Every structure is written in C-alpha cells, then in structure tokens.
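The chains referred to below are lettered A, B, ... by the order of the sequence lines, with proteins before strands, and numbering in each begins at 1. This is a predicted model, so every value here is computed, not measured.
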Amino acid sequence: MPELPEVETVANGLNKRVAGTTIESVWIGEKRQPLKSTARAIAKMLEGARIKVVRRVGKHIVADLEEETGDPRGQWIIHLGMTGSTLVVDPAADLPKHTHLIAKLSSGKEIRFVDPRMFGKLAVTPTSKLFAAPGLEPLQVSFDDFQRLFRGRNTPIKSALLNQKLLSGVGNIYADESLYRARIRPRRKAKSLTRAELARLHEKLGEVLREAVELGGSSVNDYVDSEGNEGFFQLRHNVYQRTGKPCLVCKTPIKRFVIGGRSSHYCPECQK
DNA sequence: AGGTTGACCTGGACGC
DNA sequence: TGCGTCCAGGTCAACC
C-alpha cells in the first residue's frame with residue numbers, strides 16, 4: 001500500500017501514541033514470510049524495550065529502542081509492503097485475520113502488525129548496524145543531487161522514480177502524480193529529460209509528497225493509519241487510477257499502460 | 001553494471 | 001450463486 005506520505009503518517013501516529021512506553025510482551029503468528037529476523041530475535045529485542053521514538057526512513061518505519069536506563073538497545077524496522085498496517089488499539093478490539101505480531105505496551109494498548117498479502121516485513125537490528133535507507137530522501141534531496149541521480153540513465157523516468165536505491169520513498173501513485181504535474185510522460189528515458197524538465201520534476205515531486213502528507217496519504221484500497229483512519233489525498237489524484245476519465249486540465253481521457261510491470265497513468269495531451 | 005521480467009501472496013471487483 | 005479473470009500502493013532474485 002504505502003508510499004512515503006502513508007508511511008510518514010503511520011510513523012508519526014505511532015510516535016504520538018507509543019513513544020515513551022515499554023513493550024511488555026510480544027506475540028508472533030505462525031507465518032514466517034513477514035519475518036526478516038527470526039521470531040526469537042524479534043521477541044528478544046522487543047520484550048522489555050522502551051520505545052524512544054518512531055519515525056519514517058524511506059518507506060520503512062523505524063522505532064528506536066532503549067533500555068530502562070536510557071542506553072540504546074536497537075531498532076525495530078517495519079515495512080508495510082502493499083497491504084500492511086500497523087495499528088495501536090485497545091486489547092479488546094477485534095483481532096483481524098492476518099495479524100502477524102502483537103506487542104503489548106505498558107500503557108495497556110497494543111501495537112498490531114496486520115498484512116493480508118504478506119509483502120510487508122518485520123525486522124530488528126542491533127545498535128551496531130543501524131538502519132539506513134538505500135537512496136536519498138525525496139523531501140530533502142537538493143536539485144544538484146536530484147539531477148545526478150537521473151543523468152545518463154537509459155530507463156524510463158517512471159522506473160527510475162520507483163527505484164529505491166535512487167530515491168527512497170516514491171511509489172506508483174506519487175511517481176504518476178508528480179510526472180503529471182511536471183508535464184512529463186512516464187515512458188521518457190531519464191537521460192532525455194532537459195534541465196528544465198528535471199527542475200519541474202524535482203519541484204513537483206516535493207510538492208505532491210508534502211500535500212499528501214498533510215492530507216494523511218492516499219487511501220486507494222486498504223490503507224489506514226495507526227488509528228485506523230483513511231487518508232484524503234486520493235481525492236486530489238489527477239491521473240492515478242483515472243483511466244479513461246477526462247484530464248482535469250484539458251478534458252483528454254487519461255491513458256493507462258504498463259511499464260516495468262506497473263500500471264502507469266498519464267494525460268497524452270498535457271504530458272510530453 | 002544497468003535494465004527488465006517474473007515471483008512472492010490474498011482478496012476485491014467485474015463479466016458471464 | 002459461482003467461477004474465472006484481472007487487478008492491486010512493493011520488493012527482490014535471476015536473467016540479459
């Protein structure tokens with residue numbers, strides 16, 4: 001499900017509700033697919049840990065864990081995949097199918113990781129190997145660095161935007177929406193973009209991501225934040241999943257095609 | 001090395 | 001009602 005704005009919304013919501021609390025016990029389900037560390041390692045890292053802060057790094061949620069003394073203990077890394085959610089709930093709340101982990105907190109609440117398709121990931125890491133995103137942060141990248149990422153690349157700009165080793169956090173929705181705002185066709189080779197086009201893309205990508213964060217992300221299928229609330233940015237989509245509907249600027253029907261195995265949407269009139 | 005494809009999963013929507 | 005098909009916001013390994 002979630003790209004940068006959705007992950008940011010979840011991470012901020014978690015931080016607000018669980019920072020400073022201690023994880024008293026952990027339940028882990030039978031399914032091993034979502035676990036990128038062993039169940040034993042996850043339980044050992046989480047049980048007894050105090051959550052210092054929860055934040056977004058790329059598309060990952062990172063919880064910094066500390067001892068009761070305040071010494072650092074390690075990190076809990078969550079990736080939501082396509083359908084994952086991380087909720088803070090009352091223990092009496094209905095237990096959804098596909099719940100893979102429950103962390104009982106000193107506050108009396110629970111953190112639950114739920115993921116039907118199991119493309120999400122749970123991992124823990126010691127302080128000696130702190131988590132880092134593979135690429136640059138889309139909300140902070142300078143224009144010079146942005147240009148350098150795409151210059152000389154023979155792949156479509158859409159695919160380059162989705163490459164997490166270049167920018168970490170952009171997914172299918174915001175790639176399509178930023179290319180629309182920058183008036184660039186998704187199929188264009190990255191290396192064919194002019195300096196002016198790259199400047200527009202740099203500006204519009206930041207703009208669309210910031211607007212989406214403000215509106216709590218896009219709820220297209222099943223995305224909800226840490227309190228179970230939907231986002232509102234889907235109401236502002238110009239092209240994503242609007243195939244055949246009129247462009248909001250020129251009325252031309254929005255086209256869809258597949259690129260790199262992902263559906264892509266664009267206005268054939270506004271985007272060149 | 002950079003680029004492309006298909007595999008990993010469940011479930012909802014749609015057509016017949 | 002049921003069955004088949006297509007689609008889905010993300011990686012990641014395996015190929016060229």
Side-chain angles (χ1 to χ4, degrees), chain A residues 1-11 29-36 56-61 77-86 96-100 113-123 131-135 138 148-180 186-192 205 208-209 211-213 215-225 230-244 254 256-265:
Chain A
M1 57 193 237
E3 310 179 27
L4 183 152
E6 292 77 28
V7 179
E8 175 115 356
T9 302
V10 172
E30 296 295 306
K31 293 287 193 331
R32 285 297 167 263
Q33 171 134 345
L35 308 184
K36 296 303 151 186
R56 175 191 66 78
V57 178
K59 286 181 196 166
H60 299 258
I61 298 165
I77 319 291
I78 303 171
H79 194 292
L80 299 174
M82 300 247 273
T83 53
S85 51
T86 306
K97 205 175 160 184
H98 307 297
T99 300
H100 303 298
F113 177 74
V114 182
D115 184 11
R117 279 176 81 183
M118 296 189 286
F119 286 171
K121 288 180 268 184
L122 294 171
F131 180 79
R148 212 167 295 135
L149 290 178
F150 301 115
R151 191 162 42 198
R153 293 207 171 254
N154 201 32
T155 195
I157 185 62
K158 168 72 184 277
S159 300
L161 283 171
L162 295 179
N163 183 345
Q164 301 297 297
K165 289 178 180 156
L166 303 180
L167 293 174
S168 300
V170 183
N172 212 27
I173 295 175
Y174 301 101
D176 280 5
E177 293 297 325
S178 61
L179 287 167
Y180 172 81
R187 245 184 302 222
R188 287 273 302 283
K189 303 246 185 200
K191 67 180 181 188
S192 78
L205 178 62
V208 81
L209 291 172
E211 281 180 30
V213 168
L215 293 184
S218 302
S219 289
V220 174
N221 280 330
D222 36 25
Y223 162 72
V224 290
D225 68 13
E230 296 191 343
F232 294 98
F233 192 73
Q234 67 278 9
L235 304 173
R236 297 252 188 110
H237 290 178
N238 286 294
V239 287
Y240 182 76
Q241 286 197 351
R242 293 196 64 246
T243 310
I254 299 302
R256 170 186 180 276
F257 67 101
V258 174
I259 182 169
R262 318 298 308 284
S263 68
S264 301
H265 314 76

Touch class at under 4.0 angstrom, heavy-atom based, for A:Pro5 against every strand present: nothing
A:Phe232, CZ atom: more than 12 neighbouring heavy atoms under 6.0 Å: no
Nearest heavy-atom neighbours spanning A:Leu161 and A:Val170: O-CB, 3.5 Å
d(CG, A:Leu162; P, C:dA8) in whole Å: 13 Å
Parallel, tilted or perpendicular, as decided by the 30° and 60° cut-offs, for the rings of A:His100 and A:Phe113: tilted
For A:Ser218, all residues meeting side chain to side chain donor-acceptor pair (under 3.5 Å), sequence neighbours excluded: A:Tyr174, A:His237
Rounded distance (Å) that lies between atom P of C:dC6 and atom CZ of A:Arg256: 12 Å
Any residue meeting salt bridge (charged side-chain N to carboxylate O under 4.0 Å, His left out) with A:Glu211, in chain and number order, not counting sequence neighbours: A:Arg181, A:Arg236
Within residues 163-172 of chain A: residues closer than 4.0 Å to DNA chain C (heavy atoms): A:Gln164, A:Gly171, A:Asn172
Spacing between A:Gln241 atom CD and C:dC7 atom C1', to the nearest angstrom: 9 Å
For the student: nearest non-hydrogen atoms of A:Gly84 and A:Asp115, plus distance: N-OD1, 3.4 Å
Residues A:Lys158, A:Asp176: salt bridge by 4.0 Å N-O rule: yes
Any donor-acceptor N/O pair, A:Lys59 side chain to A:Pro2 backbone, under 3.5 Å: no
When you compare the protein's N or O atoms with those of nucleotides 12-16 of chain C, which come within less than 3.5 Å of each other, and at what distance?
residue, atom, partner, partner atom, Å
C:dC12, OP1, A:Lys121, NZ, 2.1

Side chain of A:His79 - closest among B:dG3, C:dA8, C:dG10: C:dG10
Whole angstrom value for the distance that separates P of C:dT11 from CG of A:Leu122: 15 Å
Atom pair distance, as rounded to whole Å: OH in A:Tyr240 and C1' in C:dG10: 12 Å
Side-chain donor or acceptor of A:Glu177 paired with backbone N/O of A:Val239 under 3.5 Å: yes
Identified stems (criterion: three or more consecutive Watson-Crick or G-U pairs, under 3.5 Å), DNA chain C: B:2-8 with C:10-16, B:10-16 with C:2-8
Spacing of the P atoms in C:dA14 and B:dC9 (rounded, Å): 15 Å
Nearest atoms (heavy-atom pairs only) where A:Leu166 meets A:Ala160: CD1-O, 3.6 Å
Rounded distance in Å - CZ (A:Arg262) to C1' (B:dT5): 13 Å
Sugar-phosphate only, base, or nothing, as touched by A:Ser159 at under 4.0 Å among non-hydrogen atoms: nothing
Between P of B:dG2 and NZ of A:Lys191, the distance in whole Å: 13 Å
A:His60 and A:His79 aromatic ring geometry - parallel, tilted or perpendicular at 30°/60° bounds: perpendicular
Heavy-atom check, side chain of A:Val10 versus side chain of A:Tyr223, under 4.5 Å: yes
Side chain proximity check, A:Leu167 to A:Phe150, heavy atoms < 4.5 angstrom: yes
Side-chain heavy-atom pair A:Leu80, A:Thr86 within 4.5 angstrom cut-off: yes
Per-nucleotide protein contact string for nucleotides 6-12 of chain B, where B marks a base within reach and S marks sugar-phosphate only (heavy atoms under 4.0 Å, - for neither): --BBBS-
Whole-Å gap separating C1' (C:dG10) and CD1 (A:Ile78): 16 Å
